[in-house]
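Input: a single structure, listed below in structure tokens.
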Amino acid sequence: MNRIDATFEGLRREGKSALIPFLTIGDPDPATSAELIAACARAGADMIELGVPYSDPLADGPVIQRASERALANRVTLEDVVRTAAEARGLGADIPYILFSYYNPILQYGFDRFIGLLNEHGISGIIVPDLPMEEDGELRARTEEAGIHLIPLVAPTSRERISRIVARARGFVYCVSSLGVTGMRSAFHASIDAFLADVAEASPVPICVGFGISNREQVLGFRGKTDGVIVGSAIVRKIEEVLPLLRDPATRAEGVRRVEDFIRSLRV
Amino acid sequence: MNRMPDEHGRFGRFGGRYVPETLMNALFELEEAYLKFSRDPDFQAELDELLRQYSGRPTPLYFAARLTERLGGAKIYLKREDLNHTGAHKINNALGQGLLAKRMGKTKVIAETGAGQHGVASATVAALLGLECKVFMGEEDMKRQELNVFRMRLLGAEVVPVTSGTRTLKDACNETLRYWVSHVEDTYYILGSATGPHPYPMMVRDFQRVIGVEAREQMLRAEGRLPDVIVAAVGGGSNAIGMFHPFLEDREVKLVGVEAGGRGLDTDEHAATLTKGRRGVFQGSFSYVLQDEYGQVLPAHSISAGLDYPGIGPEHAWLKETGRAEYVPITDAEAVEAVQVLAATEGIIPALESAHAVAHALKLAPTLPKDAIVVVNLSGRGDKDVESIMAYLEGDGR
């Protein structure tokens with residue numbers, strides 16, 4: 001059984017919903033990212049999204065763009081991201097891993113090598129923000145064959161597409177909370193509740209909501225409406241805030257602890 | 001060949017729609033609206049009227065006698081897109097998409113721009129049609145093209161500086177897409193090149209086809225036959241595809257796209273996407289891309305802000321792969337020299353983009369017999385570039 005499915009089953013039995021942090025791996029460097037992944041697990045994250053830095057992240061707002069730029073300054077590659085996550089296992093991160101990558105790095109790496117890499121390092125799912133269902137045929141076939149979940153996104157503008165998207169969904173459905181790119185925001189799409197209810201109704205797999213969720217109140221607000229929340233920019237912003245601490249070996253542990261505390265505050 | 005793209009927006013294997021899910025319905029609505037209005041005689045009549053009365057079409061196909069004489073080979077004709085209102089071919093597409101936006105009931109339009117020509121064309125059309133307009137432009141390009149920034153503001157558009165990434169056209173495109181994702185419910189994106197997700201490459205080509213359609217008729221009238229070679233500059237590829245497309249079935253007509261060779265193909269500073277790039281997905285479509293082995297998109301370089309782009313429209317990728325068109329590089333230095341030659345022999349100062357096409361013709365014409373005919377698409381005028389050219393010639397050019 002895919003670890004993502006097992007995790008959702010466990011959560012359902014306990015009546016809990018999933019907390020899924022997103023980190024841009026390689027920001028500020030792979031070794032620190034490995035520690036941050038372990039910190040996420042300690043803080044109570046149920047799964048983690050591993051962001052592959054990309055030169056043209058058109059679904060991302062400024063916070064994740066900057067994180068990507070910092071990681072790319074270290075020439076961090078898709079392969080480095082997966083290896084970093086594997087190293088974090090040794091630091092105690094025993095939660096399902098979901099790779100978040102734009103399509104071109106996957107395409108250039110090659111499907112065979114890509115699937116091999118994910119299998120070798122225990123990656124349970126992938127999210128590809130610029131690969132709508134019309135274009136995902138080949139990758140979908142390859143991931144299904146390998147038992148890796150290709151997690152689809154649905155947006156408030158998806159409307160009649162929702163039923164077709166969720167019918168093929170594996171792992172969970174990633175509901176985009178609002179129109180726009182990733183980033184912290186105070187308001188979600190006006191019809192967010194109706195949208196989430198529509199997706200939940202149609203989906204054979206759990207649904208999670210993300211984009212712009214940045215604090216405990218917002219996480220609480222989605223309770224009962226979804227099976228989990230994804231928090232990205234707010235955590236990446238926190239990492240940015242403590243960068244000076246993370247960059248100095250003497251204070252790195254303190255920086256990691258602050259990020260961990262923030263993630264723990266999102267656990268409801 | 002003229003039925004491309006297919007229903008998936010593919011030119012052979014190139015094209016498609018690689019965008020966030022949030023935009024997918026907007027792209028389908030756009031395609032539906034475009035297919036409906038492009039068959040609507042009222043829409044076509046309104047567009048034709050604007051192209052004639054407002055933009056001054058048809059643009060002349062001008063026989064460059066002095067240039068021909070100087071080169072001593074093939075006869076050179078210039079398709080004078082520089083004589084369009086706003087000074088470049090970009091207005092053809094901006095008028096088409098502006099009218100489409102209006103028919104779709106949108107009141108706000110956005111556009112990306114590199115050299116500023118598409119931004120100016122979009123701002124112009126927005127003023128003409130009473131639409132609110134925002135133009136995204138890289139900070140670096142705003143410096144290179146100050147005059148166009150001011151023109152857009154005069155026309156009532158808001159110019160949004162793009163400070164992310166390379167601060168040039170590539171990142172202006174990213175930022176426009178990001179803005180569109182956030183405002184897709186009431187905003188129309190006037191994409192300026194034959195790039196991006198389907199239906200843009202098809203739609204932009206169709207609105208630019210008027211160039212080739214006119215040139216074909218004009219050539220038959222002037223010479224009683226089709227040209228031997230057609231030369232056009234390619235950045236994203238809109239002027240070239242508009243010029244090439246009506247000639248695709250005329251196998252005897254050789255089609256040559258000219259890419260920006262920047263400081264030379266042996267350096268990393270060029271924008272020769274088809275010559276030096278590899279296949280990949282970039283800004284909404286599968287095409288050729290300048291990228292590293294990990295799929296990270298590389299910054300492009302060209303003295304011409306309009307060609308300074310690491311991607312290329314998917315139909316050009318397909319024309320290259322099928323061998324129907326050929327793509328060659330021209331360096332910054334060759335382009336600047338071509339500006340000087342054309343200015344001094346014909347009294348025409350071409351845009352730096354168009355100067356790349358002229359430069360290739362300067363090389364090609366002397367190798368061809370005197371009864372051969374070369375048509376150069378002079379896509380824009382060079383007023384906007386005189387400062388860059390001056391700086392280049394004084395030795396501190398970028």
Side-chain angles (χ1 to χ4, degrees), chain A residues 52-62 65-66 68-69 71-72 75-81 101-110 128-137 152-162 165 173-176 178-183 185 189-190 211, chain B residues 7-10 13 15-29 162-166 170-187 196-198 277-287 289-299 310-311:
Chain A
V52 177
Y54 182 52
S55 55
D56 294 79
L58 56 83
D60 286 302
Q65 286 174 43
R66 286 197 298 268
S68 253
E69 281 176 25
L72 286 177
R75 310 191 61 82
V76 170
T77 67
L78 188 155
E79 207 171 289
D80 295 332
V81 170
S101 175
Y102 286 86
Y103 191 43
N104 200 45
I106 297 173
L107 204 57
Q108 301 307 320
Y109 196 75
V128 188
D130 56 350
L131 192 69
M133 63 174 163
E134 282 79 0
E135 310 289 355
D136 73 3
L153 291 112
V154 293
T157 50
S158 296
R159 300 190 301 271
E160 80 293 344
R161 296 168 57 80
I162 291 175
I165 296 171
V173 176
Y174 189 139
C175 304
V176 176
S178 21
L179 305 185
V181 294
T182 59
R185 41 175 73 81
H189 196 261
F211 276 43
Chain B
E7 72 268 32
H8 307 293
R10 295 275 174 177
R13 64 169 127 172
R17 305 176 189 90
Y18 297 87
V19 295
E21 170 61 25
T22 305
L23 292 180
M24 287 301 285
N25 263 327
L27 292 177
F28 283 112
E29 279 159 20
V162 173
T163 56
S164 57
T166 60
K170 167 177 98 83
D171 289 276
C173 293
N174 286 339
E175 223 43 69
T176 318
L177 276 167
R178 289 183 184 121
Y179 183 90
W180 197 33
V181 175
S182 309
H183 300 84
V184 62
E185 289 172 317
D186 67 354
T187 301
H198 182 63
R278 284 181 294 117
R279 289 186 289 270
V281 165
F282 174 56
Q283 292 180 343
S285 60
F286 180 68
S287 185
V289 192
L290 291 177
Q291 56 181 323
D292 70 13
E293 59 175 308
Y294 302 105
Q296 306 292 348
V297 179
L298 296 169

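Naming convention: chains lettered A, B, ... in sequence-line order (proteins, then strands); numbering from 1 in each chain.
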Residue pair A:Leu131 / B:Tyr18, side-chain heavy-atom distance below 4.5 Å: yes
Looking at A:Pro129, A:Gly61, A:Pro152, A:Ala59, which one has more heavy-atom pairs under 4.5 Å with chain B than the rest? A:Pro129
Bottom line for B:Phe28: the part with an atom under 4.5 Å from chain A's heavy atoms is side chain
Go through B:Glu293, B:Arg279, B:Gln283, B:Lys170 and name the one with the most non-hydrogen pairs under 4.5 angstrom from chain A. B:Lys170
Need one label for A:Leu78: side chain, backbone, both or neither, based on atoms under 4.5 Å from any heavy atom in chain B. neither
Which of parallel (below 30°), tilted (30 to 60°) and perpendicular (above 60°) describes A:Tyr174 and A:Phe211? perpendicular
Interface check, chain A: of B:Asp292, B:Leu177, B:Asn174, most non-hydrogen pairs under 4.5 Å belong to B:Asn174
Pick from A:Asp136, A:Thr77, A:Val181: which one has the most heavy-atom pairs with chain B under 4.5 Å? A:Thr77
For A:Asp60, salt bridge (Lys or Arg N to Asp or Glu O under 4.0 Å) partners two or more places apart: none
Side chains of B:Thr166 and B:Asp171, donor plus acceptor under 3.5 Å: yes
Looking only at heavy atoms, the pair that brings A:Ser55 and B:Gln296 closest together is N-OE1, 2.8 Å
Less than 4.5 Å to any heavy atom of chain B: does that hold for the side chain of A:Ile106, its backbone, both, or neither? neither
Could you tell me whether A:Arg159 and B:Glu185 make a salt bridge, using a distance below 4.0 angstrom between a side-chain N and a carboxylate O? no
Contact origin within A:Pro105 toward chain B - heavy atom pairs under 4.5 Å: both
Most heavy-atom pairs under 4.5 Å with chain A, out of B:His183, B:His8, B:Gln291, B:Glu175, belong to B:Gln291
Cut-off 4.5 Å, heavy atoms of chain A, and the answer for B:Arg278 is side chain
So, the part of A:Val128 with a heavy atom under 4.5 Å from chain B: the answer is neither
Would you mind telling me which of A:Ser68, A:Pro53, A:Pro62, A:Pro57 has the largest number of heavy-atom pairs within less than 4.5 Å of chain B? A:Pro57
Can a side-chain donor-acceptor contact be found between A:Asn104 and A:Gln108 if the only test is distance below 3.5 angstrom? yes
Assess the side chains of A:Glu79 and A:Tyr109: does a donor N or O sit below 3.5 Å from an acceptor N or O? yes
Going by the rule salt bridge (Lys or Arg N to Asp or Glu O under 4.0 Å), which residues pair with A:Arg75 if we only count those two or more places apart in sequence or in a different chain? none
Region of B:Val297 that comes under 4.5 Å of a non-hydrogen atom in chain A: both
